[in-house]
Amino acid sequence: MLNPNVHQLLNSQINKEFYSAYLYLEISNYFEERGLDGFANWYKVQAQEERDHAMLFYTYLQNNNEKVTLEAIDKPDVTLEKDMDALTASLNHELYVTSLINDIYAAAYEVKDFRTMQFLDWFVKEQGEEEENANDLISKMELFGSDPKSLYMLNQELGTRVYTAPTLVL
Ligand code: MG
C-alpha cells in the first residue's frame with residue numbers, strides 16, 4: 001500500500017507527463033508550420049519521451065496494485081509567436097516538472113517510502129538532462145538564430161535526433 005498522498009501525486013504525474021507530450025506536439029507543430037523540420041523533429045521525439053514518462057508512472061502504480069485514475073489533458077497553454085517563445089516555454093516547463101518530481105520525492109521521503117524514492121531517482125537524473133537540453137538550445141539560438149545559414153545548420157543538427165526507449169524498465 002502506498003501512502004495516499006504519494007499515490008495521489010504519482011497518479012497526477014501521469015497526467016502531467018501526458019500534458020508535457022501535448023505541449024511538445026504543439027511546439028513541434030509550430031516549427032513544422034515555420035518550415036523548420038529539424039526543430040519539429042526534435043520536439044516530436046521529445047513528445048514521445050514524455051508519453052514514455054507517463055507510462056512509467058502508470059505502470060509503477062499498477063505494479064504496486066494501486067488504482068490509476070486518468071484525468072482530462074489540458075489544452076497546451078502556450079503562445080508561440082517567435083522561435084524563442086517555444087524554447088523558453090520548453091525550459092520553463094521542464095523547471096516546473098522538476099519541481100513536481102521533487103515534490104513527490106519529498107512526500108515519499110517523509111513517509112519512508114524508499115521504493116518510490118528509488119523509482120523516482122531515474123526521473124531526478126532525467127530532469128537534469130531535460131533542463132540541460134532546453135538550456136543548450138536557448139544558448140545555440142541566441143548565438144546562431146539570427147543568421148540564416150547557422151539556423152539552417154542547427155535545424156539539420158536537430159533533425160538527426162532519433163527516438164530511443166527509456167533506460168528505465170519496470
Ligand atoms: Mg517528462
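Starting from 1, each residue takes its place in the sequence as its number. As the structure lists them, so they are numbered: ligands from 1, and atoms in each ligand from 1. Small disclaimer: the values here were computed from a predicted structure and weren't measured.
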Using the side-chain contact (heavy atoms from CB on, under 4.5 Å) criterion, which residues pair with E26? Sequence neighbours excluded.
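side-chain contact (heavy atoms from CB on, under 4.5 Å) check on E26 returns P76, V78, L80.
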
Using side-chain contact (heavy atoms from CB on, under 4.5 Å) as the criterion, list what pairs up with K75, not counting sequence neighbours.
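K75 satisfies side-chain contact (heavy atoms from CB on, under 4.5 Å) with no other residue.
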
Contacts table for residues 158-165: side-chain donor-acceptor under 3.5 angstrom, sequence neighbours left out:
{"residue": "T160", "atom": "OG1", "partner": "E157", "partner atom": "O", "Å": "2.6"}
{"residue": "R161", "atom": "NH1", "partner": "W42", "partner atom": "O", "Å": "3.3"}
{"residue": "R161", "atom": "NH1", "partner": "Q46", "partner atom": "OE1", "Å": "3.0"}
{"residue": "R161", "atom": "NH2", "partner": "Q46", "partner atom": "OE1", "Å": "3.0"}
{"residue": "R161", "atom": "NH2", "partner": "E49", "partner atom": "OE2", "Å": "3.2"}
{"residue": "Y163", "atom": "OH", "partner": "D52", "partner atom": "OD1", "Å": "3.2"}
{"residue": "Y163", "atom": "OH", "partner": "D52", "partner atom": "OD2", "Å": "2.5"}

Look at the aromatic rings of Y24 and Y43 and report parallel, tilted or perpendicular, splitting at 30° and 60°.
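Taking Y43 first and then Y24, their aromatic rings lie parallel (interplane angle under 30°).
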
Is a side-chain N or O of N3 found less than 3.5 angstrom from the main chain of N5, in a donor-acceptor match?
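Yes: the side chain of N3 pairs with the backbone of N5.
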
So, with waters excluded, how many protein N/O/S atoms does the Mg ion (ligand 1) have closer than 2.8 Å?
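Every protein N, O or S atom under 2.8 Å from the Mg ion (ligand 1) counted, the figure is 3.
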
Any side-chain donor-acceptor pair under 3.5 Å between H53 and S20?
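Absent: no donor and acceptor within the cut-off.
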
